[in-house]
Amino acid sequence: MSTTAKLLKGAAELFPDEVVTSAHVRHLDLPAGAGRFALITLDNGLDHTKPTTFGPQSLGNLNAAVDQVEKEAAEGAIVGVGITGKPFIFAVGADLKGVELLKNHADALAIGKGGHDVFRRLAGLAVPTFAYYNGAAMGGGVEVGLHCTYRTVSKAVPAFSLPEVFLGLVPGWGGCALLPNLIGADRAVSVIIENSLNQNRQLKGKQVFELGIADALFEGADFLERSLTWTADVLNGTLTVERPEIDRGDAWDQAVARGRAVADSKVHGAAPAAYRALDIIAAAKDGDLGAGFDAEDQALADLIMGGELRAGLYSFNLVQKRAKRPAGAPDKNLARPVTKVGVVGAGLMASQLALLFLRRLEVPVVLTDIDQERVDKGVGYVHAEIDKLLGKGRINQDKANRLKALVSGVLDKAEGFSDADFVIEAVFEEIGVKQQVFAEVEAVAPAHAILATNTSSLSVTEMASKLKHPERVVGFHFFNPVAILPLLEIVRGEKTDDASLATAFAVARKLRKTAVLVKDAPAFVVNRILTRFMGEIQNVIDEGTPVETAEKAVEPLGLPMSPLVLLELVGPAIGLHVSETLNRAFPERFTVSENLAAVVKAGKRGFYVYDSGKPELDPEVAALLKQGDVVLTEQQVRDRVLDAVAQEIGLMLDEGVVAEAQDIDLCLITGAGWPFHLGGITPYLDREGVSERVTGKRFLTPGAASVPA
């Protein structure tokens with residue numbers, strides 16, 4: 001047994017693959033008499049929607065396949081070796097379930113070396129090797145192809161990425177060392193750092209080719225056949241693959257510097273993965289792949305045993321697994337069909353909702369408002385967005401026409417909603433207004449229709465309290481921008497029945513949203529936590545701490561934007577309204593900032609101006625601020641903010657606002673864009689000791705989002 005095989009066998013005993021990937025070798029004669037060819041197909045034997053991954057046993061299977069073709073290549077029995085995946089999926093990298101089980105640095109180092117040792121054998125064969133990216137390829141799936149001599153990619157590939165930095169790792173099976181040497185450092189930084197830190201942005205097949213990762217691009221329908229014909233031309237010498245010379249001068253250093261600037265802007269030095277990846281890319285400038293692979297092994301082992309990766313995997317499991325099985329959701333068989341949707345309001349939020357329901361459900365959607373001008377504007381917005389989709393090639397003309405025909409606007413609710421199954425309101429955030437709207441809708445909508453509210457902070461129970469049938473009212477709280485942020489807080493009022501709730505969850509699934517069941521409590525989850533978080537920032541500013549100090553204090557969390565920039569995005573008036581709502585509910589913890597009220601009264605859109613290209617405190621806002629003389633350090637501000645957040649989360653869990661701490665993290669990741677490397681918030685509070693300091697206990701059990709004991 002070879003050293004590599006022994007290494008993988010030992011790793012497999014430590015943690016068996018969750019799903020084992022096979023590596024089948026078959027032989028075929030290439031076109032144009034190019035010769036006998038060996039094709040390795042990666043396949044986990046499940047249906048075509050299940051991803052193919054690499055754990056120790058799967059790597060062992062690939063290693064055995066390479067044993068076979070290595071011998072054939074040495075004997076001259078084959079002219080080349082190809083590797084591809086099952087239909088629609090090439091391979092999506094390491095078996096993350098197994099990585100979570102690793103308990104010591106030596107074991108982590110072994111899995112890094114195991115992957116390297118197998119993949120490097122492809123580059124060392126006596127014949128040219130070819131990777132045929134026929135479907136989704138991520139992480140190790142991309143890297144196994146980088147070790148090949150040539151690569152083709154299908155136009156139909158929907159997702160291609162090196163997402164490791166997003167999770168708290170580095171591309172550790174060749175990605176950091178090989179990719180910059182293939183396509184140049186700047187493009188590699190975009191793929192490895194920039195795309196990962198932009199919420200794991202994916203590449204399409206055409207982009208993979210344009211970046212130079214693949215040497216040829218073919219249509220999906222006959223991709224493998226075209227790839228094999230192309231392979232024959234390469235082997236026969238009738239086609240020569242030319243690649244641009246890599247700039248190893250100042251451009252390489254500038255690319256790494258750009259990557260560090262991107263990492264600083266995203267994680268502010270709070271998460272090590274991006275910086276470790278950049279160190280390896282920087283060192284790869286001299287083309288010493290062996291040293292690069294060794295550096296990848298060390299970085300991978302160090303990061304596997306660190307808190308960032310564990311929190312990243314925890315986040316990944318929340319988004320990929322828990323989100324698909326919402327805690328507390330009723331039996332889905334109770335859900336009623338929804339064949340028509342009504343939207344009360346035709347402003348920007350209502351119009352965004354109408355567009356989302358239209359695109360995902362493809363049923364008639366009707367908007368209403370108080371005058372024809374507003375109605376026409378709302379319908380016009382939807383039509384314009386459909387035209388944009390058509391212009392981008394996202395839909396064809398027939399579908400554009402069909403969608404436009406499905407959306408309409410009326411002034412008369414009876415005319416619009418008499419046959420609607422689901423009616424959602426998106427009107428002014430004032431309880432009396434919403435109660436009136438629901439009373440009007442209840443009078444004309446069918447008895448089975450769900451009445452949903454997009455309220456961000458008001459009581460769903462109170463909203464339904466004056467209706468004859470409050471059991472069909474449910475909170476359906478979206479987050480802006482509606483088309484981008486996945487979270488949907490589904491709020492159960494005191495009298496909401498199971499059928500209405502089940503229908504709400506069924507609609508959420510069709511809308512492709514991450515639905516979390518939330519108790520009817522003030523501001524629900526995201527807005528309650530963010531308001532407490534931002535409230536403490538405003539408090540320390542009001543008391544005398546400089547704005548810059550207060551903002552910089554929370555940079556180590558690596559949040560997507562600073563608190564005051566977020567306030568600008570939300571809108572100071574909305575932020576003030578939510579803080580007033582929570583102040584009425586919990587006056588001992590939630591304050592209403594006089595300075596924020598003054599900013600709103602003055603009609604300012606935020607605290608900053610951007611005349612210089614970066615945020616600077618607006619002189620007019622500075623003149624409005626009334627501050628005390630208590631000046632805190634960044635550490636003092638951070639401690640105070642985190643203590644407040646930990647206290648609020650503890651209280652929310654005690655109140656049963658959500659089922660578990662995991663749901664709070666899922667809400668913050670999908671509704672507020674909090675980074676994967678934090679795991680939302682509770683793993684960070686546990687890791688920093690804040691949870692125990694404030695609540696006397698951890699939010700998560702040891703080993704959840706942390707290294708197992």
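For this chain, numbers begin at 1 and follow the sequence in order.
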Review point. Under the salt bridge (charged side-chain N to carboxylate O under 4.0 Å, His left out) criterion, do Glu660 and Arg322 qualify, and how do the steps go?
Key: CA-CA 11 Å; Glu660 294 180 296; Arg322 190 176 184 88; 2.9 Å; yes
Which pair of non-hydrogen atoms, one from [X] and one from [Y], has the smallest distance, and what is that distance?
X      : Y      : result
Trp674 : Gly680 : CE3-O, 3.3 Å
Leu353 : Ala426 : CD1-CB, 4.0 Å
Val441 : Lys413 : CG2-CD, 4.2 Å
Pro163 : Gly139 : CD-N, 3.5 Å
Pro675 : Gly558 : CG-O, 3.3 Å
Leu566 : Met534 : CD2-SD, 3.8 Å

Working to the nearest 0.5 angstrom, can you tell me the gap between [X] [atom1] and [Y] [atom2]?
X      : Y      : atom1 : atom2 : value
Leu451 : Ile424 : CG    : CD1   : 11.0 Å
Ser408 : Leu367 : OG    : CG    : 7.5 Å
Ser418 : Asp412 : OG    : CG    : 9.0 Å
Arg532 : Phe590 : CZ    : CZ    : 5.5 Å
Leu668 : Ser315 : CG    : OG    : 10.5 Å
Leu203 : Met138 : CG    : CE    : 10.5 Å

Point to revise | Of Val423, Val410, Leu411, the residue whose pairing with Thr368 passes side-chain contact (heavy atoms from CB on, under 4.5 Å) | key: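 Among Val423, Val410, Leu411, the one meeting side-chain contact (heavy atoms from CB on, under 4.5 Å) with Thr368 is Val410.
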Counting N and O atoms only, with roles assigned by atom type, does the side chain of [X] sit under 3.5 Å from a partner on the main chain of [Y], one being a donor and the other an acceptor?
X      : Y      : value
Lys513 : Leu485 : yes
Gln435 : Glu462 : yes
Ser196 : Leu162 : yes
Glu219 : Ala221 : no
Asp663 : Val658 : no
Glu385 : Leu355 : no
Gln320 : Asn317 : no
Asp618 : Val609 : no
Tyr133 : Val142 : yes
Arg336 : His448 : yes

Practice item. Please name the residue in the list Glu568, Lys614, Glu551 that meets the side-chain hydrogen bond (donor to acceptor under 3.5 Å, both in side chains) test with Tyr608. Key: Glu551
What I want to find out is whether [X] reaches [Y] closely enough, with some N-O distance under 4.0 Å, to be called a salt bridge.
X      : Y      : value
Asp419 : Lys340 : yes
Lys495 : Glu471 : no
Arg528 : Glu655 : yes
Glu425 : Lys434 : yes
Arg492 : Asp498 : yes

Exercise for review: Walk me through it: do Asn134 and Ser154 pass the test side chain to side chain donor-acceptor pair (under 3.5 Å)?
Suggested key: CA-CA 5 Å; Asn134 64 310; Ser154 166; over 6 Å; no
Could you verify whether a donor N or O on one side chain and an acceptor N or O on the other, from [X] and [Y], lie under 3.5 Å apart?
X      : Y      : value
Asn198 : Glu194 : no
Asn527 : Ser457 : no
Asp665 : Thr682 : yes

Are [X] and [Y] side-chain neighbours, meaning at least one heavy-atom pair lies under 4.5 Å?
X      : Y      : answer
Val516 : Leu487 : yes
Ser161 : Val191 : no
Phe607 : Val565 : no
Thr52  : Val92  : no
Leu348 : Gln352 : yes
Lys324 : Arg509 : no
Phe476 : Leu511 : yes
Pro326 : Leu517 : no

Review point. Does Tyr381 have its ring centroid less than 6.0 Å away from the ring centroid of His383?
Key: no
Check your understanding: Taking the six-membered ring for Trp, are the ring centroids of Phe316 and Phe166 within less than 6.0 Å of each other?
Key ->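 Between Phe166 and Phe316, which both carry aromatic rings, the centre distance is not below 6.0 Å.
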Review point. Does atom CD of Glu620 have more than 12 heavy-atom neighbours, drawn from other residues, nucleotides or ligands, at distances under 6.0 Å?
Key: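 No, not enclosed.
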Practice item. Show your reasoning for whether side chain to side chain donor-acceptor pair (under 3.5 Å) applies to Asp331 and Asn333. Key: CA-CA 5 Å; Asp331 184 350; Asn333 293 318; 3.3 Å; yes
Check your understanding: What do the steps show when you test Lys377 against Asp369 for salt bridge (charged side-chain N to carboxylate O under 4.0 Å, His left out), and what is the final call?
Key -> CA-CA 10 Å; Lys377 186 176 181 180; Asp369 214 311; over 6 Å; no
Check your understanding: What's the verdict on side chain to side chain donor-acceptor pair (under 3.5 Å) for Glu429 and Ser456, showing C-alpha distance, side-chain angles and the deciding distance?
Key -> CA-CA 8 Å; Glu429 193 78 347; Ser456 61; 3.2 Å; yes
Review point. What class does the angle between the rings of Phe478 and Phe357 fall in, given that below 30° is parallel, 30 to 60° is tilted and above 60° is perpendicular?
Key: perpendicular
